[in-house]
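Below is one structure, written out as structure tokens; the observations come after it.
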Amino acid sequence: MAQFSWTDDLHTGIGSIDDDHRKLIGLTNAFFETMESGQGNERMSKAMNDLIAYTEEHFAREEAEMERIRYVASLAHKSEHTKLLIQLVELKGMLDANGRINTPAVSDFLSEWLREHILAADMKLAAALKQERSAQATAQLS
Ligand SMILES: [Fe+2]
């Protein structure tokens with residue numbers, strides 16, 4: 001099963017967001033490892049729990065930044081976050097109930113979701129944050 005690797009195109013240029021994304025990719029890969037090595041639902045569920053907890057923290061940080069700059073696309077962006085969390089919680093529920101999961105499909109889904117979300121929604125947010133920073137810097141100079 002392929003690990004999700006960080007590639008330069010995922011770099012948003014906002015340090016705190018990039019750090020969070022690297023950590024999220026690490027936790028996603030830790031979850032993939034539990035699937036790959038057939039460590040059983042309990043281990044997978046624990047790794048999924050760590051992933052959900054960090055995803056919630058990361059989304060909350062991004063959403064606080066959206067509020068701070070009154071980001072115009074915040075509703076659409078937040079709804080992507082909410083949908084993913086619902087799916088992760090459903091997956092964890094299946095693992096806790098000892099259900100069978102289609103591990104290649106789960107792995108593809110998570111890798112694709114992260115990559116697409118970062119490249120589309122997060123890049124737009126990062127651009128808005130950079131614009132706000134330069135507006136602040138200009139205001140301080142005048
Ligand atoms: Fe996001």
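Fair warning: this is a prediction, and the values are worked out from it, not measured in the lab. Whatever order the structure lists them in is the order used to number ligands and atoms, beginning at 1. Residues: numbered from 1 along the sequence shown.
- With respect to the Fe ion (ligand 1), E62 has OE1 as its nearest N, O or S atom.
- Looking at T138 and L141, their side chains never come closer than 4.5 Å, going by heavy atoms from C-beta outward.
- Shortest distance from the Fe ion (ligand 1) to H77 is reached at NE2 (N/O/S atoms only).
- The aromatic rings of H77 and H117 sit perpendicular to each other, their planes meeting at more than 60°, with 30° as the lower class boundary.
- Among the backbone and side-chain atoms of H81, an N/O/S atom is found under 2.8 Å from the Fe ion (ligand 1).
- Geometric assessment of R22 against the ring of Y54 yields a negative cation-pi assignment under the 6.0 Å and 45° thresholds.
- Centred on the Fe ion (ligand 1), the OD1 atom of D122 and the NE2 atom of H117 lie at an angle of 90°, reported to 10°.
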**Prompt:** When you look at K46 and D50, which way does the salt bridge (Lys or Arg N to Asp or Glu O under 4.0 Å) test go after all the steps?
**Reply:** CA-CA 6 Å; K46 187 182 171 315; D50 294 342; 3.2 Å; yes
